[in-house]
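For reference, positions follow the sequence shown, starting with 1.
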Amino acid sequence: QVQLVESGGGLVQPGGSLRLSCAASGSIFRINAMGWYRQAPGKQRELVAAITSGDNANYSDSVKGRFTISRDNAKNTAYLQMNSLKPEDTATYYCNAQVKWTLMSPVMSYWGQGTQVTVSS
């Protein structure tokens, strides 16, 4: 089993910054990709940012230029630096990891429990 634990969420004023962390543990041979998703009340979950094991990153148009995703492979941890936050960024943020248990295992998808980000005055 693989566990993902997110941290770093909280309440921040518009224009402020937060840094989210996602630590993966358990039966991990390799994490091919990690990503951050978010879901606001009444809306579908959407991809925010993703990063490969080779540090290639992509972002949704709504966060380009404001958010930065990174990862520390030695620590099996991904980060999301969020700057210039807007009220519309308010959501529960979820970490996802594409994990191989062994070299010959299929890729399995795992989700964290989510961390709340609220942007408000």
Side-chain angles (χ1 to χ4, degrees):
Q1 188 61 256
V2 174
Q3 299 82 41
L4 304 181
V5 179
E6 301 104 330
S7 61
L11 175 65
V12 65
Q13 292 184 338
S17 298
L18 285 174
R19 181 178 172 87
L20 306 183
S21 298
C22 172
S25 62
S27 300
I28 300 173
F29 172 74
R30 184 171 64 213
I31 302 178
N32 290 346
M34 302 186 77
W36 288 95
Y37 294 72
R38 67 186 181 188
Q39 186 168 23
K43 295 186 177 182
Q44 294 183 341
R45 187 173 300 187
E46 64 173 344
L47 175 67
V48 177
I51 188 167
T52 69
S53 60
D55 288 343
N56 296 122
N58 55 48
Y59 303 88
S60 68
D61 289 339
S62 62
V63 306
K64 283 182 179 178
R66 299 189 297 120
F67 292 8
T68 302
I69 188 171
S70 61
R71 64 188 287 175
D72 185 336
N73 292 331
K75 297 166 62 175
N76 286 328
T77 299
Y79 306 92
L80 186 67
Q81 179 66 46
M82 304 185 294
N83 299 325
S84 301
L85 283 162
K86 305 174 181 179
E88 48 263 47
D89 295 318
T90 296
T92 301
Y93 284 70
Y94 298 91
C95 180
N96 174 266
Q98 305 295 314
V99 178
K100 290 177 67 70
W101 293 5
T102 69
L103 176 64
M104 302 305 297
S105 298
V107 177
M108 303 292 291
S109 180
Y110 293 91
W111 292 90
Q113 80 290 340
T115 185
Q116 179 66 37
V117 172
T118 302
V119 185
S120 176
S121 299

Inset, instruction - Give every residue pair that meets the disulfide bond (SG atoms under 2.5 Å apart) criterion with at least one member in residues 84-121, sequence neighbours excluded. - result: Cys22-Cys95
Inset, instruction - Find the distance between CG (Leu80) and CZ (Arg71) and round it off to the nearest 0.5 Å. - result: 14.0 Å
Inset, instruction - State, to 0.1 Å, how close Leu4 and Ala24 come at their nearest heavy-atom pair, and which atoms those are. - result: CD2-CB, 3.2 Å
Legend entry - Residue pairs, two or more places apart or on separate chains, that pass ring pair (Phe, Tyr, Trp, His ring centres under 6.0 Å) and touch residues 102-121: Tyr37-Trp111
Inset, instruction - Report the residues that fulfil ring-ring contact (aromatic ring centres under 6.0 Å, His included) with Trp101, sequence neighbours left out, ordered by chain and then residue number. - result: none
Inset, instruction - Taking side-chain hydrogen bond (donor to acceptor under 3.5 Å, both in side chains) as the test, write out the residues that go with Thr68, two or more places apart. - result: none
What side-chain donor-acceptor pairs closer than 3.5 Å can you find for residues 113-121, not counting sequence neighbours?
unit_1, atom_1, unit_2, atom_2, d
Gln113, NE2, Glu6, O, 3.4
Gln113, NE2, Glu6, OE1, 3.1
Thr115, OG1, Gly9, N, 3.3
Gln116, OE1, Thr92, OG1, 2.9
Gln116, NE2, Ala91, O, 3.4
Gln116, NE2, Thr118, OG1, 3.4

Legend entry - Set of side chain to side chain contact (heavy atoms under 4.5 Å, CB included) partners for Ser25, sequence neighbours left out: Gln3
Inset, instruction - Return each pair, listed once, that meets side-chain hydrogen bond (donor to acceptor under 3.5 Å, both in side chains) where at least one residue sits in residues 43-59; pairs must be two or more places apart or across chains. - result: Arg38-Glu46
Inset, instruction - Quick one: name the residues clustered hydrophobically with Val107, using the 4.5 Å side-chain heavy-atom rule over I, L, V, M, F, W, Y, and just say none if it's on its own. - result: none
Show me, pair by pair, the donor-acceptor contacts under 3.5 angstrom made by side chains of residues 10-21, not counting sequence neighbours?
unit_1, atom_1, unit_2, atom_2, d
Ser17, OG, Asn83, OD1, 2.9

Legend entry - Under the side-chain hydrogen bond (donor to acceptor under 3.5 Å, both in side chains) test, residues paired with Ser7 that sit two or more places apart: none
